[in-house]
Amino acid sequence: MTNPTSPVRVRYAPSPTGIPHIGNIRTALFCWVLAQQTEGQFIVRIEDTDRSRYDADAEKAIFESLEWLGLGLDEGPGKGGNYGPYVQSERQQTYIDAAHRLIESGHAYFDDTTPEQLHALRERQRAAKQPPRYDGRGRHRSPEEIEESRKAGLPITVRLKVPDHGSVSFVDAVRGKITFELKELDDFVILKSDEMPTYHLAHILDDQAMGITHVIRGDEWISSTPRHLLIHQALGIEPPEYVHVPLILGKDKAKLSKRHGATSALEYRDLGFLPDAVFNFMCLLGWSPGDDTEVMAREEIVKRFSIDRINDSPATFDSEKLEWMNGVYIRNMSEDDLITQLLPFMERSEAEGGLPDSVARPIDRDYLKQVIPLVHERLKLLTEGTETLDFFFADNVNPAAEDLPGRKMDAEMTERALVAALELCKDVSPFEPEHLEAEYRALAEKIEMKPGQLFSPIRVATTGKSFAPPLFDTMAAIGQERCVERIDNAIGILRSAAATSAD
RNA sequence: GGCCUCGUCGUCCAGCGGUUAGGACACAGCCCUUUCAAGGCUGAGACCGGAGUUCGAUUCUCCGCGGGGCUACCA
């Protein structure tokens with residue numbers, strides 16, 4: 001199928017039973033993109049018909065995820081629209097009415113089989129190596145019998161009559177034609193005993209009422225689509241276009257779930273990923289523009305997206321490439337944007353991954369702006385700002401003695417390098433990168449060391465780490481006074497370590 | 001077990017009857033370089049198997065194998 005040219009009405013219809021994971025969010029992404037492309041509507045509907053599994057935090061997380069990813073909705077809870085309410089529990093009566101209409105038209109019936117009886121039935125079938133299937137016994141219950149059961153307080157459900165022969169088929173926009181034999185299906189529940197509808201009934205009624213043109217949902221729904229087709233038939237309405245997108249699997253190839261580590265969009269936010277990068281990356285999981293383009297702005301994805309280029313096969317989620325892409329997005333950001341994004345992460349408490357608590361908050365934005373060019377291209381995650389920049393903000397650093405020597409340097413040589421470095425550091429002026437470099441190169445020659453050998457201990461002494469931005473820019477940004485202190489301090493660390501090991 | 005579905009480098013994606021099977025991430029080496037990155041170059045790395053169809057199959061069909069999904073008064 002080629003892309004729709006007229007505006008689509010698509011919905012993201014999560015059930016608030018857990019934090020939505022990225023596989024789930026990706027279908028929202030596809031919906032949103034298609035709505036943008038066709039200038040249609042992206043609708044969010046909360047499917048909270050399972051009262052026992054309802055989770056208010058999950059519902060919050062759903063909207064937070066959408067907002068973080070920039071997937072603005074056109075209609076939905078909190079947003080409004082002409083087809084509300086957009087929460088299924090608030091639409092209960094329409095489902096009840098429809099179920100009763102289906103009974104009246106002979107397409108459905110009340111069933112008073114108890115869960116225990118159902119369980120026993122399945123056990124028997126399993127024992128006889130039959131597929132577990134409801135046997136349709138409720139079809140033969142008289143209204144009187146049902147009424148009796150009702151009075152006795154037995155749970156009453158409504159089931160759809162499924163013909164025992166024939167087949168249904170539909171054309172899925174990504175899979176093509178799919179056919180199911182009706183004899184494989186049993187009479188399934190459409191209205192539960194608490195008078196809440198099952199997903200099957202509810203979503204169809206809502207999609208119909210809300211004018212949904214394309215049902216974009218995960219692959220796991222393919223096997224229940226024949227049920228949905230049957231309900232449409234019984235109701236005398238036309239089914240929408242079906243677009244089943246392949247699942248996203250975890251590293252173990254199983255359907256993504258909590259045990260796969262970070263799987264929700266919000267976790268990626270907290271890990272320091274950028275929404276644009278995640279958006280871009282997720283779109284590429286199960287879809288490609290057809291050429292080798294990978295880094296694409298939102299607008300380009302919107303322009304190029306097409307249903308017929310959605311993949312057939314499930315994708316395994318691997319965040320390595322996402323990290324790379326996040327780095328690309330960070331490098332493409334302006335310094336000011338980066339600072340704005342970085343600040344909240346760096347200002348968290350030390351325990352939460354922020355700068356040492358001794359550093360005053362709010363963080364000095366001007367100073368950050370001064371040093372950010374030194375680390376900009378080195379960052380892959382927003383959370384890395386802290387460890388990459390801490391030594392600029394801290395009062396002092398405390399390198400371990402064994403980290404101070406550079407390659408092929410012993411303690412004595414390291415000390416010699418640092419002592420010489422300290423002397424120069426005290427007097428050198430101006431304290432600017434180019435001048436520092438010239439002076440220190442000259443010093444290296446004078447004390448007969450390779451530049452790298454001299455620089456390495458200085459780097460560790462001034463930053464506390466062996467990996468850091470270019471040394472002389474770094475020193476200049478740290479400032480002469482603190483550099484002197486730090487080198488001096490490092491010499492002390494080296495000497496006391498030597499004294500200890502000499503004992 | 002039954003039904004549905006998928007099967008190209010470790011991973012994500014190209015390929016839609018004829019290609020030295022392409023790109024990206026990751027990996028290795030080299031270059032650049034005061035470290036780490038970034039960047040450049042190079043390398044290694046895949047058509048699940050078997051039958052058919054065809055002059056010719058990674059591509060089409062069937063079977064097998066493997067993966068996944070569903071098989072609830074959950075969605």
Side-chain angles (χ1 to χ4, degrees), chain A residues 13-18 24 47-50 52-53 111 113-115 118-119 122 126 129-134 155-159 172 175 178-181 183-186 188-200 202-203 217-226 244 246-247 249 251 253-255 281 284-295 309 311-325 327-328 331 375-380 388 406-407 437 440-441 444 450-456 458-460 463 465-472 474:
Chain A
S15 75
T17 55
N24 191 292
E47 312 224 321
D48 58 348
T49 54
D50 185 345
S52 62
R53 290 204 306 156
D111 180 35
T113 314
T114 64
L118 250 16
H119 182 75
R122 283 193 203 102
R126 228 188 305 274
K129 291 183 177 165
Q130 299 292 316
R133 220 137 37 203
Y134 175 70
I156 310 290
T157 59
V158 176
R159 288 180 184 266
D172 183 83
R175 293 304 164 77
I178 301 176
T179 303
F180 289 83
E181 295 301 321
K183 65 175 181 337
E184 304 293 340
L185 296 184
D186 56 10
F188 58 96
V189 173
I190 56 176
L191 196 69
K192 298 183 267 190
S193 59
D194 63 355
E195 294 210 295
M196 278 302 227
T198 58
Y199 168 83
H200 307 303
H203 91 277
R217 60 175 22 166
D219 229 349
E220 72 260 36
W221 292 110
I222 288 184
S223 24
S224 36
T225 305
H244 287 104
L247 262 15
L249 274 25
K251 279 213 168 63
K253 300 289 181 190
K255 193 177 170 184
F281 181 77
L284 260 18
L285 237 41
W287 173 80
S288 78
D291 57 23
D292 292 328
T293 316
E294 295 198 303
V295 178
R309 290 206 59 87
N311 250 236
D312 287 19
S313 51
T316 304
F317 182 73
D318 180 357
S319 60
E320 264 180 329
K321 191 167 182 174
L322 173 56
E323 271 188 43
W324 162 79
M325 189 171 276
V328 171
R331 273 174 250 132
V375 303
H376 194 149
E377 70 178 14
R378 277 156 240 267
L379 294 174
K380 279 209 301 246
T388 314
R407 279 179 210 129
E437 175 159 7
Y440 273 95
R441 281 189 187 281
K450 291 178 183 169
Q453 290 182 309
L454 173 61
F455 299 168
S456 189
I458 302 176
R459 173 177 303 106
V460 177
T463 68
K465 33 199 115 208
S466 42
F467 310 141
L471 182 58
F472 302 107
T474 302

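Owing to the predicted nature of the structure, the values given are computational and were not obtained by experimental measurement. By convention in this document, chain letters (A, B, ...) are assigned in the order of the sequence lines, proteins followed by strands, and residues within each chain are numbered from 1.
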I need the [atom1]-[atom2] distance between [X] and [N], as an integer number of Å.
| X | N | atom1 | atom2 | value |
| --- | --- | --- | --- | --- |
| A:R133 | B:C70 | CZ | P | 17 Å |
| A:W221 | B:A75 | CH2 | C1' | 4 Å |
| A:L471 | B:U35 | CG | C1' | 9 Å |

Taking atom [atom1] in both [N] and [M], what distance in whole Å separates the two?
| N | M | atom1 | value |
| --- | --- | --- | --- |
| B:G43 | B:C65 | P | 40 Å |
| B:A21 | B:C9 | P | 15 Å |
| B:U20 | B:C12 | C1' | 24 Å |
| B:G10 | B:C47 | C1' | 16 Å |
| B:A28 | B:C13 | P | 24 Å |

Could I get a table of every N or O pair under 3.5 Å where one atom is in the protein and the other is in nucleotides 14-16 of chain B?
| unit_1 | atom_1 | unit_2 | atom_2 | d |
| --- | --- | --- | --- | --- |
| B:A14 | OP1 | A:S288 | OG | 3.3 |
| B:A14 | OP1 | A:N311 | ND2 | 2.9 |
| B:A14 | OP2 | A:N311 | ND2 | 3.4 |
| B:A14 | O5' | A:S288 | OG | 3.4 |
| B:A14 | O3' | A:R309 | NH2 | 3.4 |
| B:A14 | O2' | A:G290 | O | 3.3 |
| B:G15 | OP1 | A:R309 | NH1 | 3.4 |

What nucleic acid atoms does [X] come within less than 4.0 Å of, heavy atoms only: base, sugar-phosphate, or nothing?
| X | answer |
| --- | --- |
| A:T49 | sugar-phosphate |
| A:G286 | sugar-phosphate |
| A:P14 | nothing |
| A:P469 | base |

Is there a Watson-Crick or G-U wobble partner for [N] with both distances under 3.5 Å, and if so, which one is it?
| N | value |
| --- | --- |
| B:U54 | none |
| B:G1 | B:U71 |
| B:C41 | B:G29 |

I want to verify a distance call: between B:G2, B:U35, B:C74, whose nearest atom is closest to the A:P470 side chain?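 From the listed options, B:U35 comes nearest.
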Quick one: is the NZ or CZ of A:R159 closer than 6.0 Å to the six-membered ring centre of A:Y134, and within 45° of its axis?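 Cation-pi check for A:R159 and A:Y134: passes.
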Checking A:T198 side chain against A:V189 main chain: does a donor-acceptor pair fall under 3.5 Å?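 Yes; at least one donor-acceptor contact below 3.5 Å.
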Show the distances under 3.5 angstrom between N or O atoms of the protein and N or O atoms of nucleotides 4-8 of chain B.
| unit_1 | atom_1 | unit_2 | atom_2 | d |
| --- | --- | --- | --- | --- |
| B:U5 | O2' | A:R175 | NH1 | 2.8 |

RNA chain B nearest-nucleotide lookup for A:L191 and A:K129: closer to the 5′ end is A:K129
